[in-house]
Amino acid sequence: MANRRLAPAAEQPQSFAFSSENAEWAKGQIDKYPEGRQASAVIPLLWKAQEQNGGWLPQKAIEAVADELGMPHIRVLEVATFYTMFALEPVGRFWIQLCGTVPCDSCGARELKDYLHARLGAPGHVSADGNFSWLEVECLGACCNAPMAQINQDYYEDLTPELLGKLMDDLAAGRPVKVGSQIGRTSSEPKGGPDTLTDASLFDGSRVGAWRKRFETADSKQDEAGGKAEAASSEQRAAVDPKPARPDAGRAVGTATTDAPAQRNAAGETPVPAGAKADAADTTESTAQRNKPAAPEAIAKAEAAGAEAGTQSDLPRNEPPPQPVASGANDDAAATSAPQKGN
Amino acid sequence: MTKIVVDGTEVDVPADYTLLQACEVAGAEIPRFCFHERLSIAGNCRMCLVELKGAPKPVASCAYAVKDCRPGPNGEPPEVLTRSGTTKKAREGVMEFLLINHPLDCPICDQGGHCDLQDQAMAYGVDSTRYGENKRAVEEKYIGPLVRTAMNRCIHCTRCVRFLAEVAGVPDLGAIGRGEDMEITSYLESAMGSELQGNVADLCPVGALVHKPQSYEVRPWELSKTESIDVMDAVGCAIRVDAKGREVIQIEPRINEAINEEWISDKTRHAVDGLRMQRLDRPYLRENGRLRPASWGEAFAAIAARMKGTDPKRIGAIAGDLAGVEEMFALKSLMTALGVTNLDGRQAGEAIDPAWGRAAYTFGTTIAGIEEADAILLVGTNPRLEASLVNVRIRKRWRMAPLAVGLIGEAVDLTYPHTYLGAGPETLGEIAAGRHSFAEVLRAASRPLVIVGTGALTRPDGAAILSAAAALAKDIGAVTADWNGFGVLQTAAARVGALDLGFVPGEGGLDVAAMTQAGALDVLFNLGADEVEVGPGAFVIYQGTHGDRGATRADVVLPGAAYTEKSATFVNLEGRVQMTNRAGFPPGDAREDWAILRALSDVLGQRLPYDSLVALRRALYTAHPHFAGLDAVAPSNTVATVETLAGLGGAPDRAAFAPAVPDFYLTNAIARASRVLAECSSLARVRGLEAAE
C-alpha cells in the first residue's frame with residue numbers, strides 16, 4: 001500500500017461545497033447522532049463528498065466536512081487517510097480496487113494484479129483515456145467468491161484476467177455488465193451448483209418423525225455402547241493423529257514433537273508425573289536465543305579453541321548462563337496440578 | 001480497596017487503579033512509552049506488558065484495571081508477575097518490534113542521554129537485529145518554530161497528539177495514514193497553534209520531537225541543573241534551569257502539582273536566548289545625549305551628584321515586572337531613608353491598594369483550587385495568554401465534569417467552551433443586577449469563582465470595576481468561610497511581592513502615572529520597569545538587565561542580574577512565596593540587584609543595614625514575616641476584603657476591557673530580546689490575521 005497523502009496542489013479544486021441535495025442528505029446523517037456526537041457522521045459525509053467529486057476526495061472537501069461537523073481539520077484528514085475507500089487523488093471513471101488479501105491471493109489475485117499492471121501501469125494512476133485507475137486494497141469481505149475487485153460501488157467476483165479484461169472493455173464501451181460473480185454463481189453458492197440439501201428423502205416426508213423414533217426404539221444399552229465406541233474412536237484418533245502441543249509459531253526455540261497424554265496412553269506408557277512436567281516447562285529467557293544456551297564450560301572451551309585458531313568464538317556470549325529460572329507461574333502450576341493428579 | 005499480589009507482594013489499592021499503578025504501589029517498575037499519568041490511556045506501545053496469572057496472554061498493564069482481574073480458583077487475590085520469564089520475553093518482543101524501524105542514529109540524536117527508548121533498550125533490547133529489510137523512511141515535518149521533527153525516530157506513542165488535544169486544547173497534531181504508513185503531522189504541516197507546544201518535545205519518549213532552538217547544542221550530561229522559579233508570568237511555574245558553563249541553555253519544567261503540574265508555556269521555556277542577547281554588562285552614563293560605558297564608581301558618583309540636595313518630593317522610584325522581593329525591599333528601605341514617598345510597584349497602573357487586604361490582589365482560590373469550582377466568571381481577562389497554566393487548570397476542571405464558564409472582555413479562544421457574555425463593565429453590571437441569564441448559573445453554583453484580570457484594573461475606573469466584581473462575588477456566595485471564590489489574576493511576577501511589601505505611594509506620594517508625567521520629578525529610580533514611558537525632565541536611573549525601553553530613556557544605567565543569575569524571592573499570583581536559585585553569573589560587570597542598591601545606599605549616605613543576602617532576608621522576614629513561609633500561601637481574610645471592596649462603590653464607565661497581554665510572546669525585556677519568541681510572535685500575529693479574515 002502506497003503512502004496515502006493528499007493530491008498535489010495542481011490537481012486540487014479551488015473549492016468544494018455540497019450540492020443542495022447532498023447537503024440535505026448530510027443533514028439527515030448528522031441528525032442520526034445525539035447532540036455533541038455529530039463527529040460520528042464523518043465517514044458518511046466524506047463518502048458523499050467523494051461521490052460528488054467524481055470518486056475522489058480533495059483537500060477542500062475534507063475541510064468542508066470538518067467545518068460542517070465542527071472537527072479540527074487534522075481529525076478528518078486522519079480518517080480520510082486511514083481508509084482506502086477514500087481516494088485522495090483523482091481516479092478514473094472506473095476505480096478498480098483489487099483485493100490482494102490472502103484468500104483472494106491464493107485464488108489468483110496475483111494474476112489479476114499482473115494483468116492490471118500490464119494494462120494500466122502502476123497503481124494510483126489514471127489511464128490515458130481517463131477510464132480506469134486501480135489500487136490493491138485489503139480484504140473487502142467477499143472471500144468466498146475470491147478473487148474479486150470493487151469497481152466504483154460494485155463487487156465483481158470470481159475473476160480471471162480474461163474476465164477482468166472483458167469486464168473492463170465492456171465498462172469502457174458502456175455495455176451493460178453483470179455485477180457479482182462473473183462465472184454465473186448466485187451470490188456465494190458453491191462453485192458448480194448447490195451440493196447440500198440435495199437428498200430427495202429430505203423433501204418427500206419420509207424423514208418426518210424419524211429422529212424421535214430413533215430415541216423411542218433405541219435400546220438404552222445399545223446407546224451406551226454407541227457412546228463408548230464414539231469416545232474410544234476419538235481417543236484412537238488423538239493417539240494416531242496428535243495435534244501439536246502448541247502451534248509452531250516459527251520461534252527459534254520450541255519443540256516439534258508431541259507428547260500428549262492420549263499418545264502415551266495408547267503406547268501403554270505411564271502418565272507423566274507433575275514434577276517432570278515442571279522440569280520440562282519452557283524456561284527460556286530471550287527470544288533471540290536460537291540455540292540452547294551454552295554452558296559456561298562449553299563457552300570457555302570454544303573460546304580457548306578459537307584463541308588457538310585465531311578466530312572469535314561464535315557461541316553466544318551475551319546471554320546469561322543457563323539457570324533454573326522457573327517463573328512464579330510455572331512453579332505454581334506444578335504445585336497445584338500435582339494434588340489434582342493424585343485425586 | 002482491592003487486594004492484588006505483585007511479584008509476591010500483596011498490596012491494597014483502589015479498584016479503579018490500573019495494573020500499572022498497582023505495580024508502582026508495590027514498588028515494581030514498569031517500562032512504558034505511550035502511557036503518561038496526565039494523558040488519556042492509549043495502550044498502543046505494549047511496552048508495559050505484564051504476566052497476569054490466569055490470563056492467556058500478557059496484558060498491557062496501563063490499560064487493564066485492577067477490578068477487571070479475576071481472583072484465583074480459591075478466591076485468592078489476582079497475581080501479577082512483572083519479573084517473570086514470560087513478562088521479560090514479551091517486553092523483549094515489543095522492543096524488537098519497536099526497533100525494527102527506529103534508526104540507529106543515537107550519536108547524532110538530541111534525545112541521546114535522556115531517551116526513554118535508549119534506556120529501555122538497555123534493559124529489554126537485544127544486541128542485534130533479525131531483520132534484513134530496509135528501515136522505513138519518513139519525511140521530516142514542519143510543525144512550528146519550537147519543535148524540530150525527525151520522524152524516522154517516531155514510535156507512534158501518540159503522546160504529542162493526546163497532549164495537544166487534551167491538555168492544551170488545540171488539536172493540531174494527528175496521525176495520518178495507517179499501519180506502516182502512519183505518520184504524525186499537523187494539518188498540511190502548519191505550525192502548531194498552542195502556547196504550550198514545547199511540552200510535546202518533553203513528552204516525546206524518543207528523539208522524534210526535539211526542541212528546535214537548542215538542537216545540536218548540548219548533551220544532557222554536560223548541563224548543570226538548577227531548580228528555580230519562572231518569572232515570565234505571575235504563575236511562578238517550577239522550572240529547572242540547565243546551564244552549560246556560564247550560559248543558560250534550556251529551561252525545563254519541574255513537577256509542582258500545586259501550580260504547573262509538569263507543563264510550562266513556550267515563553268517560559270524559550271526566553272533563554274533572551275538571557276544572552278541585549279544584555280547590559282556594564283554601567284552606562286549619558287553624556288551629551290549619548291550613553292557611554294562607565295565604571296561603577298563613575299555611575300554612582302553621577303547619581304550621588306544629582307541626588308544631592310534634591311527635594312525628596314521630587315524623587316521617585318518604580319519597580320518593574322521582573323523585580324525580586326529582595327531588591328524591592330532594599331529599594332523601598334533606601335527611598336524611605338531618603339524620605340521619598342513617591343514609590344510604585346504597579347507599573348501597569350493597576351488600581352489596587354494593598355490596604356484593602358491581600359485578597360484584593362491575589363488569586364486566593366489557588367490554582368489547584370480551580371478544580372473544585374463549578375462555575376467560573378472571567379472578568380476582563382484572557383487566562384490563556386495572561387496565565388497559561390491557570391488556563392490549563394481551568395481546562396482540566398472542564399474535562400473532569402461540565403463547567404459553566406462566562407467571559408466578559410475580549411472574545412478569545414480559551415480552548416474550552418465558554419459563554420461569551422460581553423465586552424465591558426456594563427455586562428458585569430447586568431449580571432450583578434440579575435438581568436443576565438448567566439447570573440442564574442452563578443447563583444445556582446455551589447462553588448462559583450469570579451476571576452478579575454488586570455485588563456479590568458489598569459484603567460481609571462479599575463477600582464470601581466473591582467468593587468463591582470467583589471459585590472457580585474459576595475452576592476452569589478462565592479466567598480464564604482470555606483470557599484474562596486474571588487481572585488485577581490496578576491500578570492507580572494513581581495507584582496504580588498511589590499504589593500505585599502507595600503511598594504505603593506506613601507502619604508502624599510505620586511503613583512506611576514503621575515511620576516512619569518513630563519517634569520513631575522527631578523530623579524526617577526527605575527528598577528527594571530520597561531513598559532512605562534517616562535516623560536522628559538527627570539534624571540532617570542535605570543537598573544535592569546536588558547537594553548530595552550527603560551535603558552534607552554535612562555541617564556544612568558546600572559546592570560543587574562536576570563532571574564537565572566540570582567537568588568530572589570517571587571510571590572506568584574496565588575500569593576505563594578517562592579525562591580529562584582542562581583544557575584549562572586550575571587554577564588560582565590553586572591551585579592545582583594540587592595548588592596547594587598546596597599552599594600548605592602553607601603554612596604548616598606544612607607547605608608542599608610545588611611551586608612549579605614542572608615542579613616537582608618533576616619530584615620525582610622522581620623518586617624514581613626509571611627515571606628519566610630516558602631512555597632506556602634499565607635491565609636488571608638477574603639470575606640473581610642471582599643466586604644471592603646464591595647463597599648468601595650464607584651461607577652465604571654462603558655469602555656470595553658482591553659487585553660492585559662496584547663502579545664503573549666513579548667511581555668518583558670527578556671522575552672523581547674529573544675529571537676525565538678520574536679519568531680513565535682510574528683507567527684501568532686499572522687495566525688491572528690488569518691483567523692480574523
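Per chain, numbering begins at 1; letters A, B, ... match sequence-line order.
- Within a 6.0 Å sphere centred on NZ of B:Lys135, heavy atoms belonging to other residues, nucleotides or ligands number more than 12.
- For B:Thr87, no part lies near chain A; criterion is any non-hydrogen pair under 4.5 Å.
- For B:Met122, the CE atom sits in a loose shell: 12 or fewer heavy atoms of surrounding residues, nucleotides or ligands are nearer than 6.0 Å.
- For B:Ser190, the side chain to side chain donor-acceptor pair (under 3.5 Å) criterion is met by no residue, not counting sequence neighbours.
- Comparing B:Gly179, B:Gly8, B:Gly177 by how many heavy-atom pairs each has under 4.5 Å with chain A, the most go to B:Gly177.
- More than 12 non-hydrogen atoms from other residues, nucleotides or ligands lie less than 6.0 angstrom from CZ of B:Arg687.
- Annotation for A:Glu63 and B:Tyr187: closest pair OE2-OH, 2.8 Å, computed over non-hydrogen atoms.
- For residues 168-176 of chain B, a heavy-atom distance under 4.5 Å to chain A picks out B:Pro171, B:Asp172, B:Leu173, B:Gly174, B:Ala175, B:Ile176, given by residue number.
- The side-chain heavy atoms of B:Glu183 and A:Arg5, taken from C-beta on, include a pair separated by under 4.5 Å.
- Residues A:His73 and B:Leu188 are not in side-chain contact: their nearest non-hydrogen atoms beyond the backbone lie 4.5 Å or more apart.
- Among the residues in residues 33-41 of chain A, none has a non-hydrogen atom closer than 4.5 angstrom to a non-hydrogen atom of chain B.
- Counted within 6.0 Å of NZ on B:Lys141, heavy atoms from surrounding residues, nucleotides or ligands total more than 12; the atom is thus considered enclosed.
- Counting heavy atoms of neighbouring residues, nucleotides and ligands inside a 6.0 Å radius, atom CG of B:Asn134 does not exceed 12 of them.
- Residue-environment remark: OH (B:Tyr131) exceeds the threshold of 12 foreign heavy atoms within 6.0 Å.
- At most 12 heavy atoms of other shown residues, nucleotides or ligands fall within 6.0 angstrom of atom CZ in B:Arg83.
- Partners of A:Asn53 according to the side chain to side chain donor-acceptor pair (under 3.5 Å) rule, which considers only residues two or more places apart in sequence or in another chain, do not exist here.
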